[in-house]
Amino acid sequence: MKDCDIAVVGGGLLGSAFAYGLTGSQPGGQCNGDRRVLLLDEGDDAIRTARGNFGLVWVQGKGRGMPAYARWSLQSSREWVAFAADLREETGVDTGHHRCGGFNLALDEAELAANVALLETLRSEAGEAGYEFEVMPRQRLLQFLPQIGPRVPGATYCPHDGHVNPLQLLRALQAGFQRRGGEYAPRRAVRRIAALPGGGFELFGAAGAAPLARAEKVVIAAGHGSPALGAPLGLRAPVVPVQGQVLVTERSATPLRYPTNYVRRTDEGTFMLGPSARDVGFDLDTETATLRDIARQCSRAFPFLRSLRVQRSWAALRIMTPDGFPVYEQSASHPGAFSFACHSGVTLAAVHARRVACWVLDGRIPTNYHCFGAERFDVQATHAAH
Amino acid sequence: MNPSAEVIVIGAGPAGMAAAIELTGLGITVQVVDEQPAPGGQVYRAVERVHDERAEDLALLGEQYADGLELVRRFRNCGAELRAGSAVWELAVDESRSAAPVALHCLREGRVEQLGARHAILACGAMERPTPFPGWTLPGVMGVGAAQTLLKDAALLPAGNVVLAGSGPLLYLFAWQLLRAGVRPARVLDTTPWPSRNVLSALPAALLRAAPELLRGWRWLRELHRAGLPFERRVDGLRALPDAADARLAQVEFRRAGGAWQRLDAELLLVHDGVIPNTWLGMSAGCAHHWDAAQQCWAPRLDADLCSSRAPLSIAGDAGGIGGSDAARLRGRIAALGVARRIGPAVAARAAARAGELAGWRAELQPLAALRRFLDAHYPAAGLFRRPSDETIVCRCEEVSAGEIRRCAALGVVGPNQGKAFTRCGMGPCMGRECGTSVGRLIADHHGLAMDEVGHYRIRPPLRPITVGQLADLQLDGDDAEGASRGATTFARLLGDDGGDGGGADASAGDAGPRDGPGRSA
Amino acid sequence: MYKRRTPPTEPVRILFEGREIIAARGESLAAALLAAGVERFGESPLSGSPRAPFCMIGNCYECLLEIDGEAARQACLTRVREGMLVQRRARGLAGADRAAEGGDDEPQR
């Protein structure tokens, strides 16, 4: 059994970012000190949403109805540059982060109108805190994305958008965490967390076995496993799976200078094609019709893709909250327990590592982030009941 | 969709052909799909063409090969529909599609085709066990099986200095075939270890039950020795060295256990370390696999009827576990009867009438199994390839070295899928066919885990090259009248489609903020 | 690396990188090219090292070529056809191509 100061449950993009942040001294000396951090993770053959990410570090279009989330995404996007640099310097891993601006392409006029309307709504909600964006009709778009297909009417561009290699991000976080003295414990799936009478927590794997770990504080970042783990501690993580599939092409010399919501060129020279969403529970099988739809929509966006070979496909299960915004919770009955869930683990990785980790160390979620608590769904449910 | 046949057989090798003959004999409609232009699989590759165009090569290739001709002819006449030149890029099982739970997507002459059936028998055969060693990616280094395929398919013979390395019956058979063709390998670097206790314990049963096969093998070896073929035994080190331009193989370096490194000039180095089942199709369809310790490979979990863990799929022949071509024929028939018993009452009755034959086939498998146990023990997977040096490339497609895999294992990677995420091994075109076992082994060795605990790559389509355009142009059942996507509607609904949160805004798979999630919008 | 046992009885003419090659009817394209002395089919993606077929049965993917305009087919699974046009595939990546990447922040590898 392992003794530690903080146990992080879940070695995905959230858990690894928290673990990395918890072991470090933060820039600007925000939180320092040595502490023993243990990162508990499942084995190789688990849901592992972190392996299925598209890799966008995205701001535009986010947070309608919750300007705080739009601001949070923008902040993270800004912090990402230093975050990536720190990771590279510390671990040698290049996450391939580019903050070069990004495009939400529209494949027809209706989609363009909808995207523009959304951005205008977000701007009016944000007031002073709004960010720049540009509506680009086709003629202007061609200057940036000359390979755009003939039926694309235009796009919206935001200079704060970017992309990264999400797998290398995960690798860098885990490498950085371990270099800083954190302990990574794979094949230790946590199934139950019990609060100890004198304070602290015990974490159990298989039923009936001795505890895997004991910790003063516990951070639950277990994706689809979070709801069950947090419930006994009064923590809510109302998440459901939404399947997404991605196609990856072979390497190609054709350039694509900016990431888009449909297609991006990876730092390895392959193209990633998305997006999709299916409500199929915990099914991780790809579906041919969906792969076909992705191929179709992306070749409409960029016809040159048609001649490229599909190298691989995969499916992953997004961690989807009812409104799509993060759920950040601290247990009222056991203040040392936290639960964090969201499906934008890539965009928010910077603030998760550099800010949220500090909340855990300080022992409280700052008041202005209480809007991310799960109570907001109670309010909505009351409204919905009418 | 409507089924295109009652049963689809994937692979027209000995197992597939035997299965098709048995099924059609019971009145079942069968389609046989094979990516080669003619039936025969690998063991009887191009046997019809060899017979028609260069019959003298039949003697050269040996009796076992020529025996395939009769099976191929019976298969041609059995009434199964052969779809040759058809590469399966996706195999999907959906048991809710009761008429045709098995769906195949194939590529033939650049056109995508869809087939469907109630059952399928996978008979994809075997592949050579991957053999990572320094320099193995150089032009001029190939598998022994590859060279044998060239001999069968195109009557090609190695030119210049050819060195054979490895162990196993195929290696000795090919050396024997080369001698008969007038080609003399410059050296045979034999990695077979001293016989272990396993060998000695497996020998009596093999002698008792499979004496003729053992004798045949022993005769090949005797002829090789009589021909004075230079053997180096207990080779435990092997390297392929490039020419000055780094363009191709120029020399082979080897070491005998306890000896010094020696060099040979070579134009061609042919390596062989046994064969393993071709599991990619079964794995992609979700069939459960386990690690077979005796054969050091992944093999599907099969019941007595060779049915896999996904009920409409059975797996016959070497794809289900290495047994050789004679065993493959028997297992093809066994699988066929197993499928027939599940098709419907009338067919099941006819199948039941063959119970005596079925018992006979099972009995015939016993001596072959005894022989196989002996061969597995005598020619185990070579330690030399199981523990590649750090600089050896393990993933050919993405140039990932053994050292990099070991570093990731030290970082806590406990399985090949995490290894793939961190290093790209297995992400290349071969989808891990040539690196899967090596990567798994490296991780298992580091952590002291069993291979079953480490697991294998998760395999997804496409299993053969298909372009984005070919995929985009697919017409599928369930499309609406304009062949349009159902996906967009689902997408918008799941990630919010009221008030303008359209697909564009939330499109990325990683990041977006929808208004409605599942359960609220339905 | 390889030689023919006998010259092709039913020759088939194909063009490889503009060069005429005599193949034998019924054989695979990979076999025809190997018999004609072709030793480089492609390159490894990162180091650019030359590669040639390894397995001959469709598992290693070292024989991918552009065949009759189709971007990527496995030569070991393709029969020769009279007049077939075969090219090596365009060099994928790395080096010069990366310069085409946009953005202000180039990764320094």
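All values reported here derive from a predicted model rather than from experimental measurement. Order of the sequence lines sets the chain letters (A, B, ...), proteins ahead of strands, with each chain counted from 1.
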(request) Please state whether the side chain, the backbone, both or neither of Ala147(B) comes within less than 4.5 Å of a heavy atom of chain C. (result) both
(message) Quick one, Leu156(B) with Arg5(C), criterion side chain to side chain contact (heavy atoms under 4.5 Å, CB included). Give me CA distance, side-chain angles, the key distance, then yes/no.
(response) CA-CA 6 Å; Leu156(B) 298 190; Arg5(C) 258 166 78 61; over 6 Å; no
(request) Tell me, for Ser28(C) versus chain B, whether the close heavy atoms (under 4.5 Å) come from the side chain, the backbone, both or neither. (result) both
(message) If I measure from the heavy atoms of chain C, does Leu107(B) come under 4.5 Å with its side chain, its backbone, both, or neither?
(response) neither
(request) May I ask you to check whether Glu399(B) and Ser47(C) show a side-chain donor-acceptor distance below 3.5 Å? (result) yes
(request) Report the distance from atom CZ of Arg424(B) to atom CG of Leu46(C), rounding to the nearest 0.5 Å. (result) 8.0 Å
(request) Specify which of Asp153(B), Leu268(B), Val162(B) makes the most heavy-atom pairs with chain C at under 4.5 Å. (result) Asp153(B)
(request) Look at the side chain of Arg51(C) and the backbone N and O of Arg396(B), then say whether any donor-acceptor pair between them is shorter than 3.5 Å. (result) yes
(request) Report the option among Gly160(B), Cys430(B), Gly143(B) that has the most heavy-atom pairs separated by less than 4.5 Å from atoms of chain C. (result) Cys430(B)
(request) Go through the atoms of Ala266(B) and report whether side chain, backbone, both or neither lie under 4.5 Å from a heavy atom of chain C. (result) neither
(request) Tell me, for Leu60(B) versus chain C, whether the close heavy atoms (under 4.5 Å) come from the side chain, the backbone, both or neither. (result) side chain
(request) Please report the closest heavy-atom contact between Ala31(C) and Ala154(B), naming both atoms and the distance. (result) CB-CB, 3.6 Å
(request) Under 4.5 Å heavy-atom distance to chain C, tell me which part of Trp280(B) shows up: side chain, backbone, both or neither. (result) neither
(request) Mind ranking Arg4(C), Glu39(C), Glu10(C) by heavy-atom pairs under 4.5 Å with chain B and telling me who comes out on top? (result) Glu39(C)
(message) In the structure I gave you, are the side-chain heavy atoms of Arg248(B) and Arg40(C) within less than 4.5 Å of one another anywhere?
(response) no
(request) Return yes when atom CD of Glu109(B) has more than 12 non-hydrogen atoms of other residues, nucleotides or ligands closer than 6.0 Å, and no otherwise. (result) no
(request) Output the option from Met127(B), Arg49(B), Glu35(B) having the highest count of non-hydrogen pairs under 4.5 Å with chain C. (result) Arg49(B)
(message) Need one label for Asn278(B): side chain, backbone, both or neither, based on atoms under 4.5 Å from any heavy atom in chain C.
(response) side chain
(message) What's the separation between atom CD in Glu53(B) and atom OG1 in Thr6(C), rounded to the nearest 0.5 Å?
(response) 9.5 Å
(message) Less than 4.5 Å to any heavy atom of chain C: does that hold for the side chain of Gln470(B), its backbone, both, or neither?
(response) side chain
(message) Given heavy-atom pairs under 4.5 angstrom as the criterion, report whether the side chain, backbone, both or neither of Ala24(C) touches chain B.
(response) neither
(message) Under 4.5 Å from any heavy atom of chain B, what part of Glu70(C) do you find: side chain, backbone, both or neither?
(response) side chain
(request) Kindly indicate whether the side chain of Met1(C), heavy atoms from C-beta on, has any atom under 4.5 Å from the side chain of Leu249(B). (result) no
(message) Are Thr131(B) and Phe54(C) packed together at the side-chain level, in the sense that at least one heavy-atom pair is separated by less than 4.5 angstrom?
(response) yes
(message) So does Tyr61(C) get a backbone contact from the side chain of Arg433(B), meaning a donor-acceptor N/O pair under 3.5 Å?
(response) no
(message) Does atom CZ (Arg108(B)) have a neighbourhood of more than 12 heavy atoms from anything else shown, all under 6.0 Å?
(response) yes
(message) Please rank Thr149(B), Leu150(B), Val141(B) by heavy-atom pairs under 4.5 Å with chain C and give me the top one.
(response) Leu150(B)
(message) Quick one, Ser49(C) and Thr137(B) - any side-chain contact, counting heavy atoms below 4.5 Å?
(response) no
(request) Name the member of Ala72(C), Ala30(C), Cys60(C), Pro8(C) that forms the most heavy-atom pairs with chain B at distances under 4.5 Å. (result) Cys60(C)
(message) Measuring from atom CZ of Arg73(C) to atom CD1 of Ile466(B), what distance do you get when rounded to the nearest 0.5 angstrom?
(response) 13.0 Å
(message) Can you tell me which portion of Ala181(B) sits under 4.5 Å from chain C's heavy atoms? Options are side chain, backbone, both or neither.
(response) both
(message) What verdict does the side chain to side chain contact (heavy atoms under 4.5 Å, CB included) test give for Leu77(C) and Gln36(B), after you've listed the backbone C-alpha separation in whole Å, the side-chain angles of each residue and the deciding distance to 0.1 Å?
(response) CA-CA 7 Å; Leu77(C) 298 177; Gln36(B) 295 298 331; 3.5 Å; yes
(request) Mind checking the SG-CD spacing from Cys55(C) to Glu434(B)? Nearest 0.5 Å is all I need. (result) 6.0 Å
(request) Indicate yes or no: at least one non-hydrogen side-chain atom of Tyr2(C) is less than 4.5 angstrom from one of Glu267(B). (result) no
(message) Quick one, Gln42(B) and Ile57(C) - any side-chain contact, counting heavy atoms below 4.5 Å?
(response) yes
(request) Check whether Arg464(B) gets within reach of chain C through its side chain, its backbone, both or neither, counting any heavy atom under 4.5 Å. (result) both
(request) Let me know if Arg81(C) has heavy atoms under 4.5 Å from chain B in its side chain, its backbone, both or neither. (result) neither
(message) I need the residue from Cys76(C), Ala23(C), Gly58(C) with the largest number of non-hydrogen atom pairs under 4.5 Å to chain B.
(response) Gly58(C)
